[in-house]
Engineer: 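Submitted below is the structure of interest, expressed as structure tokens.
Here is how names work: the chains are called A, B, and so on, in the same order as the sequence lines, proteins then strands, and each is numbered from 1.
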2 protein chains.
Amino acid sequence: MSTSVNKRENILQSALAFFAERGFDATTIPMIANDAKVGAGTIYRYFENKEVLVNTLFQHYVELFTNTLVEEYPSDHSLRDQFHHLFQGMVRFTNEHEHALYFIKTHNAAYFLDETSRKQFEKLLAILRNFLDQGREEEKIRDLPSTALIAIIFGGFLELHKLIRAGEIEASEELLEGVEESCWDAVRTHK
Amino acid sequence: MSTSVNKRENILQSALAFFAERGFDATTIPMIANDAKVGAGTIYRYFENKEVLVNTLFQHYVELFTNTLVEEYPSDHSLRDQFHHLFQGMVRFTNEHEHALYFIKTHNAAYFLDETSRKQFEKLLAILRNFLDQGREEEKIRDLPSTALIAIIFGGFLELHKLIRAGEIEASEELLEGVEESCWDAVRTHK
DNA sequence: TATTTCGGAATGAATATTCATTCCGTTTTT
DNA sequence: AAAAACGGAATGAATATTCATTCCGAAATA
């Protein structure tokens, strides 16, 4: 069976999990190879080197996440609805790609990211900034640096996600709604 | 003279900066030695190995931060005042120890932390949890996992701090107040 | 006081280890 | 039976750690 597509995919999946859990520098190629059930050399058939591997991964998931947020974006609904859409996007994306968002969050300023990766990430930020700026104009969003507000949103959400994965907490609908509300209250103006 | 206390201190300072900026795995002993203006071997006169060095650093600053939060804690004031005290503690601590809080935040779940470090960190969390739990009883704090709320607070604050250090933003009194208010709104109940 | 001896702190070259990357014999695919 | 894909041992570079030696200030000796 031409597993070649599968192997590439396996390598990417294993790498993603390790990078998310231990970070780029602490994960070794043999670790990834072993987990992907592939020879160490095989990784180099698919990726020129370790940095190309991370960058590939990073760009792939940032793009995927960006698309998730943009898809069916309710531009003509209320700001609160738009926020809900974005938040739901995070939830959906995290459900479909367990480690991806955490990986992105922990590596978005890393020294080994190349131009393309940085630009890709900028595009993602632009979407969120765009939303916040629009809201600020309407005086519905606090007058604070977008990056800080974005950090609050991702920080809270990802921490929650960690707890859920660790089994310390159950991912009830109610809980997610609570976190969404909390993030929204952090971001919006209060009359 | 090159008192041993000074050397040890220099090593710790250099290590802190590198660990905060690049992470544990990406910083090498020679980097630290060079920055501390000390022979590589000297580091091993003070610390058994690289892991002992991080753990020492981690424990030291977590303890220091914990003390900052606890000192003059206004137990009998309003919850809002208590929050203000904690937030101010973060600000003060960050002003006094530029890299420390960021280092703590990015390394608190690292694989190389020993028992003592983990326990030390737990103590810090306990203080924050304590505050949140008390508030929850009074129904002044949201019914959400403390860890998630804590993540929101630190996430927002540290992101802000990064922007300030990067010179992208000025650390006005007003800005800090805004972030404090945002974090508080994320955490409290809204009648 | 001047000189010598001594202890241990500091050093950085040498060594041991870890890891990314390469290479080549084997297996699988066509 | 080629050709392509693999696996995993081999390689070399980068890094943590060690250790023989130097250095320096403080006693001991004169």
Side-chain angles (χ1 to χ4, degrees), chain A residues 1-60 103 106-107 110-114 116-117, chain B residues 1-60 103 106-107 110-114 116-117:
Chain A
M1 55 216 66
S2 99
T3 49
S4 67
V5 176
N6 265 317
K7 282 192 199 284
R8 192 186 137 95
E9 207 41 51
N10 287 347
I11 292 166
L12 285 170
Q13 284 316 309
S14 296
L16 175 64
F18 277 111
F19 290 157
E21 272 161 22
R22 319 201 66 201
F24 175 77
D25 291 294
T27 100
T28 71
I29 293 287
M31 271 180 206
I32 297 170
N34 184 58
D35 189 74
K37 294 187 176 87
V38 141
T42 304
I43 290 180
Y44 289 85
R45 297 193 59 71
Y46 294 97
F47 305 96
E48 197 182 328
N49 57 47
K50 197 182 168 190
E51 297 210 351
V52 168
L53 173 56
V54 230
N55 277 282
T56 303
L57 214 46
F58 187 85
Q59 284 158 223
H60 175 71
F103 164 66
T106 49
H107 292 79
Y111 62 91
F112 46 73
L113 288 189
D114 62 24
T116 314
S117 292
Chain B
M1 302 295 80
S2 70
T3 55
S4 55
V5 177
N6 264 316
K7 289 206 193 273
R8 192 185 137 95
E9 206 42 52
N10 288 346
I11 293 166
L12 285 170
Q13 284 316 310
S14 297
L16 175 63
F18 278 112
F19 290 158
E21 271 160 23
R22 319 202 66 200
F24 175 77
D25 292 291
T27 101
T28 71
I29 292 287
M31 269 181 208
I32 297 169
N34 184 59
D35 189 74
K37 293 184 178 87
V38 141
T42 304
I43 291 180
Y44 289 86
R45 294 194 59 72
Y46 292 97
F47 305 97
E48 197 182 327
N49 56 46
K50 198 181 168 189
E51 297 211 351
V52 168
L53 173 56
V54 230
N55 277 282
T56 303
L57 214 45
F58 187 85
Q59 285 158 225
H60 174 73
F103 164 67
T106 49
H107 292 78
Y111 63 93
F112 46 74
L113 289 189
D114 63 24
T116 314
S117 292

Engineer: Which heavy atom in A:Gly23 sits nearest to a heavy atom in A:Thr27, and how many Å separate them?
Structural biologist: O-CG2, 2.6 Å
Engineer: Round to the nearest Å and state the distance from B:Arg22 atom CZ to D:dT15 atom C1'.
Structural biologist: 14 Å
Engineer: Rounding to an integer number of Å, can you tell me how far B:Lys50 NZ sits from D:dA14 P?
Structural biologist: 16 Å
Engineer: Give me the atom names and distance for the closest heavy-atom approach of A:Val52 to A:Asn49.
Structural biologist: N-OD1, 2.9 Å
Engineer: Just compare D:dA16, D:dA9, D:dC6 and give me whichever is closest to any side-chain atom of B:Thr28.
Structural biologist: D:dA16
Engineer: Verify the contact: side-chain N or O of B:Tyr46 to OP1 or OP2 of C:dA9, cut-off strictly under 4.0 Å; return yes or no.
Structural biologist: no
Engineer: Identify which nucleotide among C:dA10, D:dA16, C:dT22 has an atom closest to any side-chain atom of A:Tyr44, counting heavy atoms from C-beta outward.
Structural biologist: C:dT22
Engineer: Within this structure, what is the CD1-to-P distance between B:Ile32 and C:dG12, rounded to whole angstrom?
Structural biologist: 17 Å
Engineer: What integer distance in Å separates A:Ile43:CD1 from C:dA20:P?
Structural biologist: 9 Å
Engineer: For A:Asn49 and D:dA14, give me the distance from atom CG to atom P, rounded to whole Å.
Structural biologist: 14 Å
Engineer: Without decimals, in angstroms, what is the distance between B:Asn34 CG and D:dA16 P?
Structural biologist: 13 Å
Engineer: Just how far is it from atom NZ of B:Lys7 to atom CD1 of B:Ile43, taken to the nearest 0.5 Å?
Structural biologist: 11.5 Å
Engineer: Looking only at side-chain atoms of B:Lys7, point me to the closest of C:dA20, C:dA10, D:dA16.
Structural biologist: C:dA10
Engineer: Which nucleotide in the set D:dG7, D:dT17, C:dA10 lies at the smallest distance from any side-chain heavy atom of A:Thr42?
Structural biologist: D:dG7
Engineer: Among C:dT21, D:dT17, D:dG7, which is the nearest nucleotide to the side chain of A:Val38?
Structural biologist: D:dG7
Engineer: Considering only side-chain heavy atoms of A:Arg45, which listed nucleotide, D:dA5, C:dA10, C:dT11, is closest?
Structural biologist: D:dA5
Engineer: Specify the separation, in whole Å, of atom CE of A:Met31 and atom P of D:dG8.
Structural biologist: 18 Å
Engineer: Please determine, for the side chain of B:Ile29, which listed nucleotide (D:dT17, D:dG7, C:dA10) has the closest atom?
Structural biologist: D:dT17
Engineer: In this structure, are over 12 heavy atoms from other groups packed under 6.0 Å from B:Glu48 atom CD?
Structural biologist: no
Engineer: For B:Phe24, run the ring-ring contact (aromatic ring centres under 6.0 Å, His included) check against B:Phe18, B:Phe112, B:Phe58 and tell me which one passes.
Structural biologist: B:Phe112
Engineer: Can you tell me the distance, in whole Å, between the CD atom of B:Glu48 and the P atom of D:dT17?
Structural biologist: 9 Å
